[in-house]
Amino acid sequence: MTAGRRGRRLPRRFYRRDPRVVAPELLNKVLVAGRRAGRIVEVEAYCGAEDPGSHAFRGPTARNATMFGPAGGLYVYFTYGMHWCANAVCGDEGVGVAVLLRALAPLRGLEEMRAARLAARRDRDLCSGPAKLCQAFGLDRSFDGADLVTADRGITVVDDGVDPPPAPATSVRIGLSAGADLPWRWYVPGDPHVSRLAPPPLRSPGAASPSGFQG
DNA sequence: ACCGGGATGTTCT
DNA sequence: GAACATCCCGGTG
């Protein structure tokens with residue numbers, strides 16, 4: 001068949017670059033897992049040994065091993081005792097860099113997502129956070145190390161013809177202590193499925209008031 | 001709308 | 001023992 005309306009998978013060379021380049025290009029691509037699909041609207045870059053906020057900052061461990069594997073791998077980790085988060089591994093093998101998938105706009109398989117996300121009162125809350133989207137898609141440890149390029153375990157990222165936003169919104173990353181000042185978050189301006197407009201206000205004397213915009 | 005706190009357990013010091 | 005790339009609920013305005 002043709003590539004079709006579901007789009008075509010991203011080649012390995014797409015991932016095999018600096019995560020700060022890959023991240024904004026992942027915006028408006030589509031994450032597909034089984035019958036569920038969602039458009040990527042928010043991402044963050046994690047930059048390995050040069051990034052104190054990255055799990056890979058102190059080198060390989062059992063937990064972060066996937067980050068040091070081939071580009072296009074899916075790094076799924078467990079945090080806060082109950083949540084899973086998913087990243088697309090980037091760069092050269094052995095480097096330990098990745099892009100965190102932070103929010104999606106649900107496209108297909110909404111019934112399954114609702115069943116997996118009983119706490120979500122509105123559809124816009126199904127995938128509006130890194131752990132929410134993993135819960136909605138049923139992503140857990142069993143998906144760690146899946147290859148997005150070959151749709152290993154049924155999960156992949158496709159391009160369905162929608163370009164990334166020409167002027168993506170940027171901010172510092174959400175929820176970090178180390179590396180909190182690095183502006184490596186990108187999102188689709190105005191999209192209601194983004195997790196938050198701006199990170200929790202870090203109050204400092206004389207700081208300018210944040211100027212977020214979104215309908 | 002905007003807070004504040006609790007849940008929950010793996011990973012690393 | 002502390003930290004943690006989070007989420008949800010219940011308070012208050």
Side-chain angles (χ1 to χ4, degrees), chain A residues 18-20 22-24 26-27 31 38 40-68 73-91 95-104 106 113-145 169-187 192-203 209-215:
Chain A
D18 189 292
R20 289 159 293 193
V22 175
L26 275 172
L27 293 176
L31 179 70
I40 298 169
V41 297
E42 178 184 348
V43 293
E44 285 174 353
Y46 286 86
C47 300
E50 70 171 275
D51 179 4
S54 170
H55 289 170
F57 184 58
R58 294 169 205 283
T61 65
R63 180 205 207 187
N64 66 21
T66 297
M67 277 189 91
F68 291 86
L74 188 72
Y75 168 47
V76 182
Y77 68 88
F78 185 68
T79 191
Y80 288 104
M82 63 192 94
H83 296 305
W84 299 94
C85 296
N87 300 251
V89 175
C90 297
V95 174
V97 295
V99 172
L100 173 67
L101 305 178
R102 280 201 58 93
L104 312 175
M113 295 186 200
R114 293 183 193 115
R117 292 263 311 127
L118 298 179
R121 308 189 89 268
R122 306 166 301 177
D123 286 350
R124 72 196 300 181
D125 298 321
L126 287 173
C127 302
S128 60
K132 293 178 188 178
L133 73 88
C134 282
Q135 190 175 27
F137 276 66
L139 304 183
D140 60 18
R141 172 132 292 172
S142 70
F143 284 82
D144 183 43
T170 65
S171 83
V172 296
R173 297 172 294 181
I174 306 282
L176 301 194
S177 53
D181 54 326
L182 298 168
W184 291 343
R185 174 177 179 246
W186 290 263
Y187 59 98
H193 306 91
V194 164
S195 67
R196 4 198 125 155
L197 288 183
L202 190 63
R203 61 176 200 281
S209 63
S211 67
F213 90 92
Q214 178 166 325

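Just so you know, these numbers use all the heavy atoms, side chains as well, and skip hydrogens, waters and symmetry mates. So that the names make sense, note that chain A is the first sequence line, chain B the second, and so on, each numbered from 1.
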Side-chain N or O of [X] versus OP1/OP2 of [N]: is the shortest distance under 4.0 Å?
{"X": "His83(A)", "N": "dC7(C)", "result": "no"}
{"X": "Arg102(A)", "N": "dT6(C)", "result": "yes"}
{"X": "Ser54(A)", "N": "dA5(C)", "result": "no"}
{"X": "Thr61(A)", "N": "dT11(B)", "result": "no"}

Would you indicate which nucleotide in [options] comes nearest to any side-chain atom of [X]?
{"X": "His55(A)", "options": "dT13(B), dT8(B), dA5(C)", "answer": "dA5(C)"}
{"X": "Lys132(A)", "options": "dC7(C), dG9(B), dC12(B)", "answer": "dC7(C)"}
{"X": "Ala131(A)", "options": "dA5(C), dT11(B), dC7(C)", "answer": "dC7(C)"}

Between Arg141(A) and Met82(A), just flag the one whose closest nucleotide in DNA chain B comes earlier from the 5' side. Met82(A)

Closest nucleotide of DNA chain B for Thr79(A) versus for Asn64(A): which of these residues is on the 5' side? Thr79(A)

How is Gly129(A) classified with respect to the nucleic acid when contacts are heavy atoms under 4.0 Å: base, sugar-phosphate, or nothing?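 Sugar-phosphate only.
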
Heavy atoms under 4.0 Å, any strand shown: does Arg117(A) hit a base, just sugar-phosphate, or nothing?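 Here Arg117(A) touches the backbone only, sparing every base.
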
Using 0.5 Å steps for rounding, measure from the CH2 atom of Trp184(A) to the OG1 atom of Thr170(A).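 OG1 of Thr170(A) is found 13.0 Å from CH2 of Trp184(A).
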
Should Tyr46(A) be counted as stacked on dA5(C), where stacking needs a ring-centre gap under 5.5 Å and an angle between planes under 30 degrees? yes

NZ/NE/NH1/NH2 to OD/OE distance under 4.0 Å, Glu50(A) and Arg20(A):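 Salt bridge: yes.
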
Using a strict threshold of under 4.0 Å (side-chain N to carboxylate O), is an ion pair present between Asp144(A) and Arg141(A)?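 No, Arg141(A) and Asp144(A) are not salt-bridged.
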
Report the distance from atom [atom1] of [X] to atom [atom2] of [N], rounded to the nearest whole Å.
{"X": "Leu118(A)", "N": "dC9(C)", "atom1": "CG", "atom2": "P", "answer": "11 Å"}
{"X": "Arg58(A)", "N": "dC4(C)", "atom1": "CZ", "atom2": "P", "answer": "10 Å"}
{"X": "Arg122(A)", "N": "dC8(C)", "atom1": "CZ", "atom2": "P", "answer": "11 Å"}
{"X": "Tyr187(A)", "N": "dA5(C)", "atom1": "OH", "atom2": "P", "answer": "21 Å"}
{"X": "Phe78(A)", "N": "dT8(B)", "atom1": "CZ", "atom2": "C1'", "answer": "7 Å"}
{"X": "Arg196(A)", "N": "dA5(C)", "atom1": "CZ", "atom2": "P", "answer": "14 Å"}
{"X": "Tyr77(A)", "N": "dG9(B)", "atom1": "OH", "atom2": "C1'", "answer": "15 Å"}
{"X": "Arg121(A)", "N": "dC8(C)", "atom1": "CZ", "atom2": "P", "answer": "12 Å"}

For the side chain of Glu42(A) and the backbone of Leu104(A), is there at least one donor-acceptor N/O pair under 3.5 Å apart? no

Donor-acceptor contact below 3.5 Å, side chain Asn64(A) vs main chain Thr61(A): yes

Start at the 5' end of DNA chain C and walk down; is the nucleotide closest to Val99(A) or to Asp125(A) reached first? Val99(A)

When both distances are under 3.5 Å in a Watson-Crick or G-U wobble arrangement, the nucleotide paired with dT6(C) is dA7(B)

Would you state whether a donor and an acceptor, one from the side chain of Tyr80(A) and one from the base of dA7(B), lie under 3.5 Å apart?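 Result: no qualifying N/O pair found.
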
Ring centers of His55(A), Tyr77(A) separated by less than 6.0 Å: yes

Please report the distance separating the P of dA2(C) from the corresponding atom of dG6(B), rounded so that it comes out in whole Å. 16 Å

